[in-house]
A.B. asks: 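I'd like to ask you about the structure that follows.
So you know, we letter chains A, B, ... as the sequences are listed, proteins then strands, and number each from 1.
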Protein chains: 4
Amino acid sequence: MTGSTRGPNDPRRRERILDAALDVIAEHGAIKVTFRKIAEAAGVPLGSLTYYFDDMQHLLTDAFTRLAETVSTRYGALLEAARTRQEAGEAVVEIICGKVWGTDRDLLLSYELYAFATRNPEVRAVMRSWMQASRDSLARHFDPLTARALDALVEGFSIHNSFDPRPTDREAVAAVVRAVVDRHH
Amino acid sequence: MTGSTRGPNDPRRRERILDAALDVIAEHGAIKVTFRKIAEAAGVPLGSLTYYFDDMQHLLTDAFTRLAETVSTRYGALLEAARTRQEAGEAVVEIICGKVWGTDRDLLLSYELYAFATRNPEVRAVMRSWMQASRDSLARHFDPLTARALDALVEGFSIHNSFDPRPTDREAVAAVVRAVVDRHH
Amino acid sequence: MTGSTRGPNDPRRRERILDAALDVIAEHGAIKVTFRKIAEAAGVPLGSLTYYFDDMQHLLTDAFTRLAETVSTRYGALLEAARTRQEAGEAVVEIICGKVWGTDRDLLLSYELYAFATRNPEVRAVMRSWMQASRDSLARHFDPLTARALDALVEGFSIHNSFDPRPTDREAVAAVVRAVVDRHH
Amino acid sequence: MTGSTRGPNDPRRRERILDAALDVIAEHGAIKVTFRKIAEAAGVPLGSLTYYFDDMQHLLTDAFTRLAETVSTRYGALLEAARTRQEAGEAVVEIICGKVWGTDRDLLLSYELYAFATRNPEVRAVMRSWMQASRDSLARHFDPLTARALDALVEGFSIHNSFDPRPTDREAVAAVVRAVVDRHH
DNA sequence: AATGAATGAGATTTCATTCAT
DNA sequence: GATGAATGAAATCTCATTCAT
């Protein structure tokens, strides 16, 4: 009996439940999440959900919090790695056009997250931290307004591209980013 | 004999139900929509919901379609009204900072809309028309890429501002818009 | 405007509704009959059902009555046509093995009929007339008990054959019928 | 602590529900079965019906399967008990005229069963086993065709007698059975 | 006479949550 | 600590029937 992945003493179970919840939301939509579906997706007994989480509201809060933190971390890592303005600008383009955030799954989940956060102060706070963190990262290379503008571009282009049958390509996105970055000149 | 509340003469009932559905979503979130809440909000008997709509899925599809069309129309009107590049740029700023779209209600509904559209081809198609229409309006004054960039800015700034305790102010937004608009100079 | 098959002044509409009701029962089972399905099958407006019939109970009563009469007539015609004991015996075999009654549809409907008749004195009376009529026909060639026995054989073999992957064939049935007919010898 | 009416210890509940379902069908007809009536008859909470059975269709399938098995067992027991041709013939008469199967309740249920089985392969299979089993029992004393003929007589006489104000009496039935049994002589 | 839009009553079904073990 | 059988409350949905036209 090695450290099994289930049964009593399963330290990762809580996290697996949250990930499963996000999977279920991604697959069926928050509108159709049920305990049963989450339990099944997580491979845990039904009863353990209400054992770990007081109720669905708390479970979703934690799940969306986890999502925001995960995405924020990935997003931040790319920006932090940039050493120059040039690299920072390229990182922004990469975030928009690459698969950093632009995964269909993550984007879809972010819509659900925004909707949920609007009604949930706790999650809203996490989102704000994320927003602040990404701006701070950008602010190491750009002035505050440019940081905000780039952040807005990431958001807007990502969403529109995901619905667009002919998304704005990397070259074009880069041109817009350059214009915003060089706007004082 | 004014429009009675009963009998076969209530031509606007269908629309009233859809508006009520959006109200309920705005108030409680799509995650908590129920027929009962919608019926109450619309002031119609419960049974009439499934008389007008095959099931909840169809009702929501029609409601979100209506939302997309409404918002698109309002959005488009502002852009169409612009006679010069200058005015078009100001319209973009107005859309971001004014109450055209930025209503908390509409913004919140748009998150739910995006989430719903991701799973619903019919609604997705309406969203694409909307996106195309707003780009076409902008394209009367700007080149295609600038149109896309402005559209992305509207989306991104609106969302971020709605979550931001200290939103980017009108002056700052205008500066960014100018940079994008004048990016060739 | 020739004598159209629908619209006002449609003398056959009542019968078409009853036939449609039987079709619906045959297709979905009495357990799932609805006014809407019947109206659709009959090609008549929904409202005409309750115009012609007080309620579902009455409609079904009339439909099953019609069924019993139809089947009884067809059944009786074959027996009446027989001129000799020999022919009467052959008619019985034909009823069992041919498609006189043994249609899957009619047999299925007869189960529903029996179930319905058990609770409905009016329909039960029709069924009794039918039973009496077929015995009377048989009694022109056979003594009363033989008539009853043949009637029972028709019932029993028809039912069992319909469920039997390898039904009793015509030759075998004929042998049994002969044994019953000739039982005094 | 006897078997309590609540909590996880009610091993016979599933069967009680099925019996209650048959009771309700016998009383009101399959056409009017509802979860509520069954739950009341079984003395269980409404929610437990869909806990034990996916939906009404499954519940009825199981109930009719149970019916077919019960009746088949009782029917079979009488035939198995027969030691001689003579006794087997008497058992057949007893089945027709006695209260083995001829109960109004069981007969009525069998009409509903036949109707249901026609649409339900699972139940149809159970019915076939039953038919086969009773023929096999008879075949221990009679040739295969005689077995089929007796089986048909049981079916036919039982049904007709149940609708007949003056049913065929035991003596008469016995005479017919004898004729079939002795048909080679 | 005939219709079909409309609805209320009730059906099925779902599911978060409880709680005995 | 952990479970899953069980249930009540409420959801969705169906449909016979009514009734204005």
A.B. asks: C:Met56 has an atom CE; how far is it from atom P of F:dC15, in whole Å?
C.D. replies: 9 Å

A.B. asks: Closest to the B:Ser48 side chain: E:dT12, E:dT7, F:dT12?
C.D. replies: E:dT7

A.B. asks: Using whole Å, report how far CD1 of B:Ile31 lies from C1' of E:dC15.
C.D. replies: 14 Å

A.B. asks: Identify whether any heavy atom of B:Thr50 sits under 4.0 Å from a base atom; if not, whether one sits that close to sugar-phosphate; answer base, sugar-phosphate or nothing.
C.D. replies: base

A.B. asks: Begin with the C-alpha distance, continue with both residues' side-chain angles, and end with the deciding distance and a verdict on side-chain contact (heavy atoms from CB on, under 4.5 Å) for C:Tyr111 and D:Leu113.
C.D. replies: CA-CA 9 Å; C:Tyr111 308 144; D:Leu113 166 64; over 6 Å; no

A.B. asks: Just the rounded figure in Å: distance from C1' of F:dC15 to CZ of C:Phe53.
C.D. replies: 18 Å

A.B. asks: Side-chain contact test, heavy atoms from C-beta onward, threshold under 4.5 Å: evaluate it for B:Gln57 versus B:Asn120 and give yes or no.
C.D. replies: yes

A.B. asks: Is the D:Tyr114 to C:Phe163 ring centre distance short of 6.0 Å?
C.D. replies: yes

A.B. asks: Which one, F:dG8, F:dT3, E:dT17, comes nearest to the side chain of D:Pro45?
C.D. replies: F:dG8

A.B. asks: Please tell me if D:Arg36 has a side-chain N or O lying less than 4.0 Å from either OP1 or OP2 of E:dA11.
C.D. replies: yes

A.B. asks: Among the nucleotides F:dT17, E:dT17, F:dC13, which one has an atom lying closest to any side-chain atom of B:Phe35?
C.D. replies: F:dC13

A.B. asks: With a 4.0 Å limit, can you tell me whether D:Arg13 has a side-chain N or O closer than that to the phosphate oxygens OP1/OP2 of F:dT7?
C.D. replies: yes

A.B. asks: Check every atom of F:dA16, E:dC15, E:dA2 against the side chain of C:Tyr52 and return the nucleotide holding the closest atom.
C.D. replies: E:dA2

A.B. asks: Rounded to whole Å, how long is the line connecting atom CG of C:Leu46 with atom P of E:dA6?
C.D. replies: 14 Å

